S.K.: 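This structure is in C-alpha cells; I'll ask about it shortly.
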2 protein chains.
Amino acid sequence: MTDSTRQRILDTAEQLFADQGFHATTLRQITREAQVNLAAVNYHHGSKDALILAVFQRRLDELNSERLARLQSVLDASDPPDLEKVLGAFIYPALLLSTQSAGDGGRFMRLLMRAWAENATQLHGTIARQYSHVMRAFADAVSRALGTSPDNLRQQLDFLIGALTYTMAETTDGQVEETARALVRFGCAGLRDSALAQPRQTSLKENIA
Amino acid sequence: MTDSTRQRILDTAEQLFADQGFHATTLRQITREAQVNLAAVNYHHGSKDALILAVFQRRLDELNSERLARLQSVLDASDPPDLEKVLGAFIYPALLLSTQSAGDGGRFMRLLMRAWAENATQLHGTIARQYSHVMRAFADAVSRALGTSPDNLRQQLDFLIGALTYTMAETTDGQVEETARALVRFGCAGLRDSALAQPRQTSLKENIA
DNA sequence: ATTGGTTCCAAACAACTGTTTGAATGCTAG
DNA sequence: CTAGCATTCAAACAGTTGTTTGGAACCAAT
C-alpha cells in the first residue's frame, strides 16, 4: 500500500488550506504542489470535502488524546486537582501542536478558525462533536478544582478557548513555553475571580441531594 | 441619488458573507437576494473585493468610534482610569454591535473572523490598520490603570481580544449585558494578576529618565 | 509469463465564477 | 418637451472550478 501519495496530499492540503482557506485552495494547486496527478485527490479521498475532513481528523485526534492524557495524569496527582495544571493540560498541547504541525506558527489554528468560520456544512458539526467530549472532561476537572458547579463554568471556559485560539494563531515556535505560562496564569486568575461572583457549591447539596 | 440599491447590496452581502464566507458567496446570490441586477455590484462598488472592503468599513467605523468615545469619557472621569471601565469601553460596544448589526447573534463577528482567516490580500492589512489606532489607545489606558509598561500588556490584551472575539460569535441579544460584565471581570482579574508577575513600572524611571 | 487489482495519468466534462458590454430605462435640469 | 446623465438590465465573455473517464503503468501472486 503506497500511502505516500495519500499522505503527501494530506500534508500539502493542510498547508495550503491554512494559508489560503478551503474555498480558495484548488485541487489543482494541491496536486501540483504535492507532485501528484489531479485525479489522485478524488481517487484517494473521494472528494474535496472529504479531504478537508480528513485533514482535521488527523490533527484533532492528536490534540484531543494528548489533552486527555495530560488531564488524566493531573487528576491522578491530586484530589481536588490543581487548577493551574488542569489549564496547562488544556493549553499546552494546543500551543505545541500549533507550532509543530507545520513550519511556521499557527498554521493549524488558522485552520481551525477557518473551519469554524466557513460553515462547511458537516465540518462544523464534526469538530464540535470531537470537542464536546474533551470539553466536558475539562469543565468537570475545573469545576472540581474550584468547587463550583460545572454549569456556570461554560462561559468562562469559552473565554479561555477564545483567548487560546486567538493566541495560537500568532504564537511562533520559540514562544510556546512562555506564552503557555502567561495564558495559564491569565486564565486561572479569571476563573478564580469569576467563581467568587457565583454561588459557591457547597459540595454537599449537589452531591447528596 | 438612489442609494437604495447600493445600500441593499451592502446589507445583503454582509448577511451572506457572514453566513457562508466571502469566497463561497457569489455575486449572483447577492444580487438575487437583494433583488437587483447582477451587474449592479460592479457598477456601484467596482468589484467583489471592493464590496467586501466596503462591508467592513461601515461596521468598523461604527465600532471604533464608539469605543474611542467611551474610552475618552472614562479617561475624563478619573486619573488613573478605572480598569473595569476601560475594559468595558472596549468590550461593550463590540458585543452590542455583534447582536445589533443583524438579526441573530454574532453575525458581524463571524465576519471579522472570516476576514482574519481568509487572507483576503489587502483586507487583513486594512483591518489591522483600522485596529492599530484603537488598540494603542486602549493599551495605553490599561497600562496607566495598572501602572505597568504598555509593552508587556500586548500579550494579555491579545488574550482579551481572543476571548471577546470568540464570545461575540456566540452571544445572542438578551445576553449582552450579562456576558459583557462576566468578560470584563474575567479580563480584569487576568490583567491584574499578570501585572504582578512583571516588573512594576515605578512611573518615575520611565517618565523621567 | 500471465493474471488481477491497485495506482497513476492526460484529457475532457459540465457547471459556475467575476466581469464586461451595449442597449434600454428612468429621472432631472434647461 | 427634451437633452443628458445616472441607473438598470439581459446577454455574453473568458477563465476556473471539482469531478469523471478510459486507458496506461505498475506490482505481487499464480
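Owing to the predicted nature of the structure, the values given are computational and were not obtained by experimental measurement. Naming: A, B, ... by sequence-line order, numbering from 1 per chain.
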S.K.: Under 4.0 Å between a Lys/Arg side-chain N and an Asp/Glu carboxylate O for E178(A) and R181(A)?
M.R.: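 Judged by the 4.0 Å cut-off on N to carboxylate O distance, E178(A) and R181(A) do not form a salt bridge.
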S.K.: Tell me every residue that passes salt bridge (Lys or Arg N to Asp or Glu O under 4.0 Å) with D11(A), counting only those two or more places apart in sequence or in another chain.
M.R.: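 With neighbours one apart ignored, the set is R58(A).
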S.K.: How would you list all residue pairs meeting ring pair (Phe, Tyr, Trp, His ring centres under 6.0 Å) that involve residues 70-98 of chain B, not counting sequence neighbours?
M.R.: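 Matches after skipping sequence neighbours: F90(B)-F138(B).
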S.K.: To the nearest 10 degrees, what angle separates the axes at the start and end of the helix from dA1(C)-dT30(D) to dG30(C)-dC1(D), five pairs each?
M.R.: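 Axis angle across the helix from dA1(C)-dT30(D) to dG30(C)-dC1(D), nearest 10°: 0°.
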S.K.: Quick one: which of dT19(C), dT19(D), dT7(C) gets closest to the side chain of L27(B)?
M.R.: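 Selected nucleotide: dT19(C).
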S.K.: Who are the side-chain hydrogen bond (donor to acceptor under 3.5 Å, both in side chains) partners of R185(A), not counting sequence neighbours?
M.R.: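 For R185(A) the side-chain hydrogen bond (donor to acceptor under 3.5 Å, both in side chains) partners, ignoring immediate neighbours, are D193(B).
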S.K.: How close do F22(A) and I52(A) get, heavy atom to heavy atom, and via which atoms?
M.R.: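 So the minimum-distance heavy-atom pair works out to CE2-CG2, 3.6 Å.
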S.K.: Can you find a side chain N or O atom of H44(B) that sits less than 4.0 Å from OP1 or OP2 on dA6(D)?
M.R.: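 No.
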S.K.: Let me know the distance between NZ of K48(A) and P of dT19(D), rounded to the nearest Å.
M.R.: 8 Å
S.K.: Using atom NE2 of H23(A) as one end and atom P of dT17(D) as the other, report the distance to the nearest whole Å.
M.R.: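 The distance from NE2 of H23(A) to P of dT17(D) comes to 11 Å, rounded to the nearest Å.
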S.K.: Applying the side-chain contact (heavy atoms from CB on, under 4.5 Å) test to I91(B), which of V86(B), T179(B), T167(B), L160(B) qualifies?
M.R.: L160(B)
S.K.: Where along residues 34-43 of chain A does a heavy atom come under 4.0 Å from DNA chain C, residue by residue in number order?
M.R.: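 Under 4.0 Å from DNA chain C: N37(A), A39(A), Y43(A).
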S.K.: Please state how far atom NE2 in H45(B) lies from atom P in dT19(C), giving the value in whole angstrom units.
M.R.: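 That distance rounds to 13 Å.
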S.K.: Could you pull out every donor-acceptor pair under 3.5 Å between side chains of residues 76-85 of chain B and any protein atom, sequence neighbours left out?
M.R.:
from	atom 1	to	atom 2	distance (Å)
D76(B)	OD1	Q72(B)	NE2	3.2
S78(B)	OG	P80(B)	O	3.3
D79(B)	OD1	R144(B)	NH2	2.4
E84(B)	OE1	R192(B)	NH2	3.0
E84(B)	OE2	R192(B)	NH1	3.3

S.K.: Between A13(A) and I30(A), which heavy-atom pair has the shortest distance, and what is it?
M.R.: CB-CD1, 4.0 Å
S.K.: Could you tell me whether the phosphate oxygens of dT8(D), OP1 or OP2, come under 4.0 Å of any side-chain nitrogen or oxygen in T5(B)?
M.R.: yes
S.K.: If the cut-off is 4.0 Å, is S47(B) near the phosphate of dG18(C), judged by side-chain N/O to OP1 or OP2?
M.R.: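 The answer is no; no side-chain N or O of S47(B) sits under 4.0 Å from OP1 or OP2.
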